[in-house]
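Convention: sequence-line order gives letters A, B, ...; per-chain numbering from 1.
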2 protein chains.
Amino acid sequence: MARTAFETHDHRHCIAESLVEAERTCAEQGLRLTPARRRVLEILLEEHRALGAYDILDRLRTEGWRAQPPVAYRALDFLTSHGFAHRVEGLNAFVACTHGKDGHAPVFLICRACNRVTEAEAELTSGALGRAAKAAGFRIEQTVREAIGLCPACLATEAA
Amino acid sequence: MARTAFETHDHRHCIAESLVEAERTCAEQGLRLTPARRRVLEILLEEHRALGAYDILDRLRTEGWRAQPPVAYRALDFLTSHGFAHRVEGLNAFVACTHGKDGHAPVFLICRACNRVTEAEAELTSGALGRAAKAAGFRIEQTVREAIGLCPACLATEAA
DNA sequence: CCGTGCTGTGTTATATAATTACGTGAGCTC
DNA sequence: GAGCTCACGTAATTATATAACACAGCACGG
Ligand SMILES: [Zn+2]
Ligand SMILES: [Zn+2]
Ligand SMILES: [Zn+2]
Ligand SMILES: [Zn+2]
């Protein structure tokens with residue numbers, strides 16, 4: 001799965017595949033992908049961008065869901081705690097996972113111009129964080145690694 | 001300067017040194033370390049922990065400052081944009097810089113038990129973020145690298 | 001000396017993000 | 001069918017951050 005957000009790709013396929021995978025994982029693990037949870041995941045999958053909880057809420061409302069904030073936050077809690085989505089701390093926003101398996105250490109590249117977000121993988125204790133932790137005797141449980149900058153497309157636009 | 005937050009050290013000295021350095025830097029660069037800005041920096045320096053803007057605001061108020069939110073946010077904007085403090089995205093909070101020079105790429109180790117934060121340095125384009133950026137053709141302008149976990153002291157406590 | 005522009009501050013109001021609290025109902029177990 | 005758990009509906013509240021506007025101090029050039 002998972003072309004990066006910055007490459008052109010068959011996005012309908014990309015959405016469908018992620019949904020099927022989420023359904024399979026839920027079935028395997030006895031998790032309930034309820035309508036609200038499923039719809040929020042679909043909304044996140046529609047674009048490789050991070051959406052705020054209230055953006056999602058607005059989407060749900062225009063679709064007739066008469067939803068209050070907890071609806072979105074509950075769905076997002078479910079999705080993030082089971083690895084179907086991630087929170088992007090630098091944006092107070094959420095993005096669908098493009099790497100399937102639960103429990104990884106995601107890194108994000110966030111374009112400040114077009115807002116697209118692409119995800120890659122790291123080791124929990126790799127890099128500068130890992131070295132600092134080792135030196136300090138710190139046990140890492142979770143990491144936040146995000147870069148803000150310009151994606152290839154927006155770099156090209158800027159140059160023009 | 002800058003013992004890590006997880007080592008015992010002469011913290012009065014640590015505060016004083018940071019303040020002197022900030023004053024020197026401001027003098028050199030024609031920046032104005034006004035009373036509000038200075039006091040907020042002092043508050044951040046008091047502990048190696050991240051404080052929310054409203055925590056700082058409360059501190060100012062108990063000291064008689066009759067301060068509204070913009071007071072804190074303006075001071076924090078000044079401090080963060082000139083490298084005297086950093087924003088910890090994972091906590092929506094702020095911490096004094098322990099590495100002097102402006103324009104570095106900080107990494108943070110955040111203890112979820114005692115809340116202390118220690119800072120180390122990275123290269124802007126190093127590690128998994130740098131590799132992902134290179135592969136994608138992404139230009140990194142700024143990074144967020146934070147680890148949540150347990151500091152040595154809290155690890156020891158937990159083991160007991 | 002006076003106007004002008006700049007920077008920082010005081011204050012009110014508002015916007016945005018997230019959580020608490022409490023009740024309801026569906027499905028399951030025994 | 002009583003008791004349990006999980007998810008959801010809803011209202012209210014808290015937490016975080018910014019907008020907008022008035023004004024004071026000060027440097028600069030006339
Ligand atoms: Zn896609
Ligand atoms: Zn872009
Ligand atoms: Zn110290
Ligand atoms: Zn600790």
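Atom-to-atom, OH of A:Tyr73 to P of C:dA18 comes out at 4 Å; the value is rounded to the nearest Å.
No side-chain donor-acceptor contact under 3.5 Å links B:Arg87 to the backbone of B:Thr80. Proximity of a side-chain donor or acceptor of A:Glu119 to a complementary backbone N or O of A:Thr98 within less than 3.5 Å is detected. With hydrogens and angles disregarded, a donor-acceptor distance shorter than 3.5 Å links the side chain of B:Arg61 to the backbone of B:Ala67.
Looking at residues 54-71 of chain A, you'll see A:Arg66, A:Gln68, A:Pro70, A:Val71 sit with a heavy atom under 4.0 Å from some atom of DNA chain D. Across residues 74-95 of chain B, B:Arg74, B:Arg87, B:Asn92 each have a non-hydrogen atom less than 4.0 Å from an atom of DNA chain D (numbered order).
Every residue two or more places apart in sequence or in another chain that forms a ring pair (Phe, Tyr, Trp, His ring centres under 6.0 Å) with A:Phe78 is listed here: A:His82.
One finds the CD atom of B:Glu89 at 7.0 Å from the CD atom of A:Glu146 (value rounded to the nearest 0.5 Å).
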Please list, one pair per line, the donor and acceptor atoms closer than 3.5 Å that link side chains of residues 51-59 of chain A to other protein atoms, with sequence neighbours excluded.
unit_1  : atom_1 : unit_2  : atom_2 : d
A:Asp55 : OD2    : A:Gly52 : N      : 3.0
A:Arg59 : NH1    : A:Glu46 : OE1    : 3.2
A:Arg59 : NH2    : A:Glu46 : OE1    : 3.0

Got a list of side-chain donor-acceptor pairs under 3.5 Å for residues 147-160 of chain A, not counting sequence neighbours?
unit_1   : atom_1 : unit_2   : atom_2 : d
A:Thr157 : OG1    : A:Ala153 : O      : 3.0
A:Glu158 : OE1    : B:Arg139 : NH2    : 3.4

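Ring geometry for B:His104 versus B:His99: interplanar angle over 60°, hence perpendicular rather than tilted (30 to 60°).
B:Glu123 CD: 12 or fewer foreign heavy atoms inside a 6.0 Å radius.
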Shorter than 3.5 Å, N or O on both sides, protein versus nucleotides 26-30 of chain C: list them out with atom names.
none

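For the side chain to side chain contact (heavy atoms under 4.5 Å, CB included) test with A:Ile15, the passing option among A:Val20, A:Leu41, A:Leu45, A:Leu44 is A:Leu45; the others fail.
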